[in-house]
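Atom set for the values below is all heavy atoms of this structure, side chains included, hydrogens, waters and symmetry mates excluded. Please read all numbers here as calculations on a predicted model, not as lab measurements. Residue numbering restarts at 1 for every chain, and letters A, B, ... go by the order of the sequence lines.
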Amino acid sequence: MEHTVSLKQNHVFRRLYAKGKSAVNPCLAVYCRKNNSPRTRLGITVGVKVGKAVVRNRTRRRIKEAYRVHEDRFLPGYDLVVVARVKAGHSRYREVERSLLSLADKLGLLRKEET
RNA sequence: UGAGUAAGACAGACAGUCGCGCGGCGACGCCGAAAGGCCCGCCGUGAGGAAAGUCCGGGCUCCACAGGGCAAGGAUAACGGGUAACGCCCGCCGAAGGCGACUUCAGGAAAAGUGCAACAGAGAUAUACCGCCGGACCGGCGCAGCCGGUCCGGUAAGGGUGGAAAGGCGAGGUAAGAGCUCACCCAUCGGCUGGAAACUGUCCGAUGCUGUAAACUCUAUCCGGAGCAACACCGUGGUGGGGACACAUGGCCGGCCCGGCCGUCCCCGGGAGGUGGCUGGAGCACUCUGGCAACAGGGUGUCGAGAUAGAUGACUGUCAAAUACAGAACCCGGCUUACAGUUUUGCUCGCGCA
RNA sequence: GCGGAAGUACCCAAGUGGCCGAAGGGGCUCCCCUGCUAAGGGAGUAGACGUCUAAACAACGUGCGAGGGUUCAAAUCCCUCCUUCCGCG
C-alpha cells in the first residue's frame with residue numbers, strides 16, 4: 001500500500017481510544033485522528049472475543065483487504081484504528097467492506113469527488 | 001447386497017485479475033564515506049492432521065554438581081521385544097464384553113508390617129444374641145416322664161444384617177454339630193508337562209486365607225533444575241558504581257549575600273531497540289533384504305515456511321456442492337481432545353442367486 | 001510462546017473417604033429502635049432441579065465445573081476435558 005504504514009505501538013492505540021473521533025456499527029468500530037504527516041497509519045485490532053486464531057486472522061485480513069482496495073478514496077494524513085467487533089468474525093467480506101466505507105464516510109475521511 | 005469391525009489415504013481442484021512474507025537474479029533512480037539500504041521487475045517458494053491441549057519423552061542452551069553411594073520427593077508396573085528415549089508402539093498371556101470379526105483393562109505384592117471398613121447386625125477378622133444339644137439345681141403336674149426357670153459347658157447346621165459372616169453341595173458321622181471323614185467342584189501354593197517368559201493342563205501333593213495398595217507401605221526400574229520470553233552479541237540518550245586528570249576559574253537558580261547544582265576521559269553494568277539462536281533433520285519419496293509385527297539395515301532420488309503486532313486474502317468462471325475441526329513461532333517422537341465430506345483394503349455376521 | 005493456581009446454594013465461602021443438601025456469614029421475611037430512612041438489636045425461613053400434589057410439606061431420585069474410573073461407599077482419591085484468574089520480555 002503506497003501511502004500507508006502499519007501502526008504498531010500500544011501507546012498510539014491508547015491515544016486514539018482516548019482522544020480520537022470514533023464511529024461504530026455492529027460489525028466494526030473506527031477511531032481516527034490527524035497525525036501531521038503525509039502518510040496514513042493504519043492499526044487493526046481483533047480481540048479474543050471475536051473467535052479463535054483462524055477466525056481472528058481471517059477477519060484481520062479482510063479488513064486489510066477492504067482498506068487496500070479502496071485506499072485511494074481515503075484522505076491521507078490520519079492515524080486510523082479499526083476494531084473488529086464480534087459480528088465481524090462471522091460476516092462475509094462484502095459486509096465488512098460496506099461497513100468500513102460507511103463508517104469512514106461518517107467521519108469525513110473520504111474524498112468528496114468520489115462516490 | 002445389507003449390517004458391522006479393523007487399518008489407512010485425501011482435507012477442494014483448475015484457470016484468470018489484484019495483493020502479501022521469505023530466498024535468488026537483474027537493472028534505472030534515490031540515500032550513504034563505505035558496507036549496504038529503499039524502490040522496480042522476473043523466477044522460485046509459502047501452515048496442519050491435528051499446527052490445538054501442553055499430558056509424557058528427547059535434542060539444544062544456561063545454572064548446579066563435576067567420582068560413587070544413601071536418604072527425601074516424583075514417575076512407571078503381567079511377560080517378551082522395538083526405540084535416541086518414553087507413561088509410546090508391536091507381539092503374546094490373563095480378565096471382562098460381543099453370535100462373530102474384534103474391542104477394553106493403572107493388569108506387581110494383601111502369606112513382611114501398619115491403617116481403614118460408617119450405618120445395620122449377636123458378631124467385621126474375630127463373635128454365642130436367638131436357636132440346637134448335654135449336665136447340675138429349683139418349681140409345677142395327671143410324677144422311671146413332661147413343662148417352665150436359673151447356672152455351667154458344647155456347637156457355627158438354621159435366623160436376620162451387611163459390599164463382605166470363615167470354601168460350595170451331597171453323604172457319612174454325632175448328644176447336637178463341625179473338612180471331623182469321603183466323592184465331586186472351586187481357589188491359592190509347590191512339583192511335573194509344554195513354552196524364551198508371563199502362563200498353561202482330563203496330572204500329583206499340600207492348604208482353605210474378607211476387601212482396600214487410584215491408604216501408608218514393600219519389590220523392581222528410571223529421574224539434578226529451569227526453559228528460545230533459554231542463551232550469546234551490539235547498544236543512542238539518561239543514570240548508578242569504580243579509577244585517572246583538574247581543584248579554581250567558569251556556568252545555572254537569584255537583584256545581591258548565604259545556599260544548592262554542574263567537569264573531561266577510561267572501565268564495569270545494562271531498561272528501549274537491533275542481530276544471532278532459526279531450520280538439512282532420529283528428514284521426505286520410491287525400492288530391496290531381515291522380522292508375525294513394531295522396527296532395523298542397504299540402494300536411488302530429493303530439499304518442502306522461518307515471520308517478529310506476526311506473511312495465504314479478495315473477486316470471476318467450471319466441477320452437484322465447497323461446507324468440518326482449525327493457523328507454524330526453537331526443533332523432533334508420542335499421547336489426548338475436536339472434526340463436514342469423499343475414498344481404498346482386509347475380515348465377520350446375515351439375505352439372495354449359481 | 002512458557003510456567004502456575006482455582007472451580008461447592010444468588011454472593012463470600014468451611015468441609016480431605018461414611019450420620020453431608022452440605023457448617024458459617026452476607027442475603028430474604030417479620031418485629032424492635034426512629035418523625036422517616038440507613039446503621040444497630042432480636043426472631044424466623046427456603047436453600048438447585050425433577051417425580052408426586054390443585055398448591056405446599058413429607059418422601060424418593062439426580063446433583064459440589066463436565067465426563068469416565070478405583071472403592072461396599074467419592075465434594076474428597078486417580079485420569080481426560082471445559083471455564084476463569086495470576087506470573088514471565
Strand partner of C:A43, provided both Watson-Crick or wobble distances fall under 3.5 Å:
C:U29
For B:G59, does the O4'-C1'-N9-C4 (purine) or O4'-C1'-N1-C2 (pyrimidine) torsion place it in syn, i.e. within 90° of 0, or in anti?
anti
What distance, rounded to whole Å, do you find between the two P atoms, one in B:A50 and one in B:C295?
15 Å
Sticking with atom C1', work out how far B:G48 lies from B:G87, rounded to a whole angstrom.
26 Å
Between P on B:U312 and CZ on A:Arg58, what's the gap in Å once rounded to a whole number?
13 Å
Find the partner of B:A144: check Watson-Crick (N1-N3 plus N6-O4 or O6-N4) and G-U wobble (N1-O2, O6-N3) distances, both under 3.5 Å, and reply none if neither fits.
none
Nearest-angstrom distance from the residue atom CD1 of A:Ile63 to P of B:A309
19 Å
Syn or anti for B:G49, taking syn as within 90° of 0?
syn
Checking base pairs now: Watson-Crick or wobble, both atom distances under 3.5 Å. What partners B:C99?
none
Tell me whether A:Glu95 is salt-bridged to A:Arg92, with the criterion being a basic N under 4.0 Å from an acidic carboxylate O.
no
My understanding is that a pair needs two contacts under 3.5 Å, Watson-Crick or G-U wobble. By that rule, which nucleotide pairs with B:C231?
B:G276
Does the side chain of A:Arg68 get closer than 4.0 angstrom to OP1 or OP2 of B:G313 through an N or O atom?
no
Residue closer to the 5' end of RNA chain B, A:Val55 versus A:Arg62 (nearest nucleotide)
A:Arg62
Syn or anti: how is B:A144 classified when any glycosidic angle within 90° of 0 counts as syn?
syn
What integer number of Å spans the C1' atoms of B:C265 and B:C258?
35 Å
Please report, rounded to the nearest Å, how far the C1' atom of B:G313 is from the CZ atom of A:Arg56.
17 Å
Checking all strands, does A:Arg92 fall into the base, sugar-phosphate, or nothing category for heavy-atom contacts under 4.0 angstrom?
nothing
Could you check whether any side-chain heavy atom of A:Leu103 comes within less than 4.5 Å of a side-chain heavy atom of A:Leu107, counting everything from C-beta outward?
no
In whole Å, what separates the C1' atom of B:G208 from that of B:G115?
26 Å
Distance-only donor-acceptor test, A:Arg61 side-chain atoms vs B:G327 base atoms, 3.5 Å
yes
For atom C1', what is the distance between B:C88 and B:A75, given to the nearest Å?
15 Å
Atom pair distance, as rounded to whole Å: CG in A:Asn57 and P in B:A52
14 Å
Base-pairing mate for B:U337 - Watson-Crick or G-U, with both contacts under 3.5 Å:
none
Sticking with atom P, work out how far B:U210 lies from B:A198, rounded to a whole angstrom.
27 Å
Salt-bridge present (A:Glu65, A:Arg68; N to O < 4.0 Å):
yes
Can you tell me how far C1' of B:A309 sits from CZ of A:Arg41, to the nearest Å?
14 Å
Spacing of A:Lys52 atom NZ relative to B:A328 atom P, expressed in whole Å:
12 Å
Name the orientation of the base relative to the sugar in B:A47: syn if the glycosidic angle is within 90° of 0, else anti.
syn
Could you check which of B:C315, B:G310, B:A314 has an atom nearest any side-chain atom of A:Glu65?
B:A314
Between B:C315, B:A326, B:A314, which nucleotide gets closest to the side-chain atoms of A:Val54?
B:A326
To the nearest 0.5 Å, what is the distance between OH (A:Tyr67) and OG1 (A:Thr40)?
4.5 Å
Let's see if you can work this out: which of B:A314, B:C18, B:A326 has an atom nearest to the side-chain heavy atoms of A:Tyr93?
B:A314
With both distances under 3.5 Å as the test, what is the Watson-Crick or G-U wobble partner of B:A213?
none
C:G15: syn or anti, per glycosidic angle within 90° of 0
anti
Applying the Watson-Crick and G-U wobble criteria at under 3.5 Å, what pairs with B:G269? Answer none if nothing qualifies.
none
Looking only at side-chain N and O atoms, does A:Arg60 come under 4.0 Å of OP1 or OP2 in B:A311?
yes
Taking only Lys NZ, Arg NE, NH1 and NH2, and the carboxylate oxygens of Asp or Glu, determine whether A:Arg41 and A:Asp79 approach each other closer than 4.0 Å.
yes
Between NZ of A:Lys106 and OG of A:Ser99, what distance do you get to the nearest 0.5 Å?
10.0 Å
How far does OH of A:Tyr31 sit from CG of A:Leu80, to the nearest 0.5 angstrom?
13.0 Å
Taking atom C1' in both C:U16 and C:C77, compute the distance separating them and give it to the nearest angstrom.
9 Å
Mind checking who B:A77 pairs with, Watson-Crick or G-U wobble, both distances under 3.5 Å?
B:U219
Separation between the P atoms of B:G313 and B:A47, rounded to whole Å
10 Å
